[in-house]
Amino acid sequence: MCGIVGYVGRKQAAPVLIDGLYRLEYRGYDSVGIAVMDGKQIEIVRKVGRVKEIEPARGTFGCIGIGHTRWATHGGVTEQNAHPHRHKNIVLVHNGIVENAFSLREECSAKGESFCSETDSEVIAHLIADAYRGDLLKAVFEACRRLVGSYALAVLCTDEPDTIVCARMKSPLIVGRAKEGLVVASDIPAVAEEGAQLYSLSDGEFCVLKGEELTFFDTTLGEIEKDAIDFDLSDDLPDRKGYHHYMRKEIDEIPKVLSLSQAKITENSCFSSFYRVLCQTEYIQIVACGTAYHSGLCAKEAIERICRIPVDVFVASEYRYCDPIIPKGTLLIAVSQSGETADTLAAVRLAKERGAYIAAVTNVTYSSLTRLARTVLYTRAGREIAVAATKSFNAQLITLYSVCCALAEIRGKTAPPVGGLAAMAESTIVTGEQVRSWTPHFVGASSAYFIGRGADRYAAMEGSLKLKEISYLPSEGYAAGELKHGTLALIEKGTPVVAVITRRDIAEKTMSAVHEAYARGASVFLVTCFEEFCRSPEIVSSVVIPECPPEYSPILSVIPLQMLAYYVSVACGHDPDKPRNLAKSVTVE
Ligand code: M6R
């Protein structure tokens, strides 16, 4: 989490840093700061809150500087804990976690050094200052050798007024040449501009931005060359295009994303060699977190039902600790929008060590996950800015369903084609607008429940995650049949319950759960393909979605649930794009 940015060049640094931080705010937004050097001194401005809090610092004088937007890990949300951190002549910003921070702090304290913050990051400034003998790069290198954990660093030194030194280990870092200077940032949008040449650092690499020169170093400080990366400005420069929030815009992009993803998947140069891997595949593991975990569950349903290949889906943060059994020939698919989720990366590293074939389903071309995987299946969701994942979920599903189709073909099974889902998503968005009228039942409710059977329960789980994440309403997504085994005790008069029913053969079974909830006073809402259930007097309101192959139905049924979460969040007066306590990309374990 956290976003870092840096600039050295001909322009004033502060506006470049602040504009860059706005574009990184999705990575964390509880506090913010910049440090700008005017040739001699470094001025630091830090505030609790979002980037707009440091707008008054736009006029800070100096052509070199670094900035940071924070998602708190070590230490509370306070100005002292906000970055940049300073010790003696060293000022730095850090994204990542120093796992041995406690012992390093004790070591520094024993030498009589004192700390101004509770963060793990401040200790890095101490290590660099202690190692400094007139060469900032060497001092950063020495300090990094002491660190256990993850870091993306940008470091200033008052003794080297035209230099920023950067280092990367397990946290993303982009550096580059822009029109009027050199730049560094956690992600492309912060520094993307027409004509920029951008480079992605690998773990253990360093980069020096000095005057007009960019120099790269490997893990032993040997100088290296790097290839510039491709980026797409239209994708990389965030634009709300007239929408109040990115989340609503991103939901409307789902049909386009589905057609693009579906068209591109088999064109992917990796796909033919991956097809050969699929020919050998007898067992699949999927690891992911949050929404991506739910897309893994949906994929399991489709692959097992259609291809009869066993699939286990793991929450990535648990995978390492369950000593997973990884039989020879296991295909492990890691699903991650950002490709930077630390838990997912850790699970992948373990599976790789134990011999699994790693395939990645990710939305970010130069992410850490792409470096670990042997096959990368890019989802074509485009940049997703809202913290709540929407279009990326649908893109993951169509990609995983396409893998399912390939597996079915290999196995001589018949998989329903995925074509047509984009058009169905379009009409689902139109009818989905009806959920807006449901919001008064959710605003002020003490909890909400989402139920379904088969694949519908995974759509229910994802709908529930969306709602709790951006409206802060306690919510559960449940297998409909489980309701009566405990959760029913929580239903009282007016409790909103959303039932998802898209599979004809088990529809009546889910309706039984609806009857049970209604009998205890629940206000029941329905997302279904079958109009007849909407006429039931127990249903307050319903959305009818197109009927698609039931194995694929979450790709449509989730859409009204995403819209519901959005409208409830807005009705509650929250910012759906930036829910409290969360960040888009979770780069800490
Ligand atoms: O980037 P990833 O897909 O790996 O992220 C995983 C989760 O952090 C993410 O899906 C999270 O649950 C979303 N905010 C949910 O909307």
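Counting convention: from 1, in listed order, for ligands and their atoms alike.
- Not counting sequence neighbours, the partners of Thr528 by the side-chain contact (heavy atoms from CB on, under 4.5 Å) test are Ile501, Leu526, Phe530, Phe533, Cys534.
- Between the side chains of Thr281 and Tyr357, no donor N or O sits under 3.5 Å from an acceptor N or O.
- In terms of polar-atom proximity, Glu469 is counted as a contact of ligand 1, with an N or O under 3.5 Å from an N or O of the ligand.
- When all heavy atoms are compared, the tightest approach of Ile4 to Leu24 is O-CD1, 3.3 Å.
- Counting all heavy atoms, side chain and backbone alike, Leu369 lies closest to Ala360 at CG-CB, 3.6 Å.
- For Ser585, the closest heavy-atom approach to ligand 1 does not fall below 4.0 Å.
- Atoms of ligand 1 lying under 4.0 Å from at least one heavy atom of Ala292, given by number and element, are 3 (O), 10 (O).
- Backbone and side-chain nitrogen or oxygen atoms of Val335 are examined, and none is located within less than 3.5 angstrom of a nitrogen or oxygen of ligand 1.
- Every atom of ligand 1 with a heavy atom of Lys466 under 4.0 Å away is listed here by number and element: 15 (C), 16 (O).
- Distances below 4.0 Å separate heavy atoms of Gln337 from the following atoms of ligand 1: 1 (O), 2 (P), 3 (O), 4 (O).
- Lys391 contributes no side-chain N or O that, together with a main-chain N or O of Asp252, makes up a donor-acceptor pair within less than 3.5 Å.
- Neither the backbone nor the side chain of Lys584 has a heavy atom within less than 4.0 Å of ligand 1.
- For ligand 1, the atoms lying closer than 4.0 Å to a non-hydrogen atom of Ser336 are 1 (O), 2 (P), 3 (O), 4 (O).
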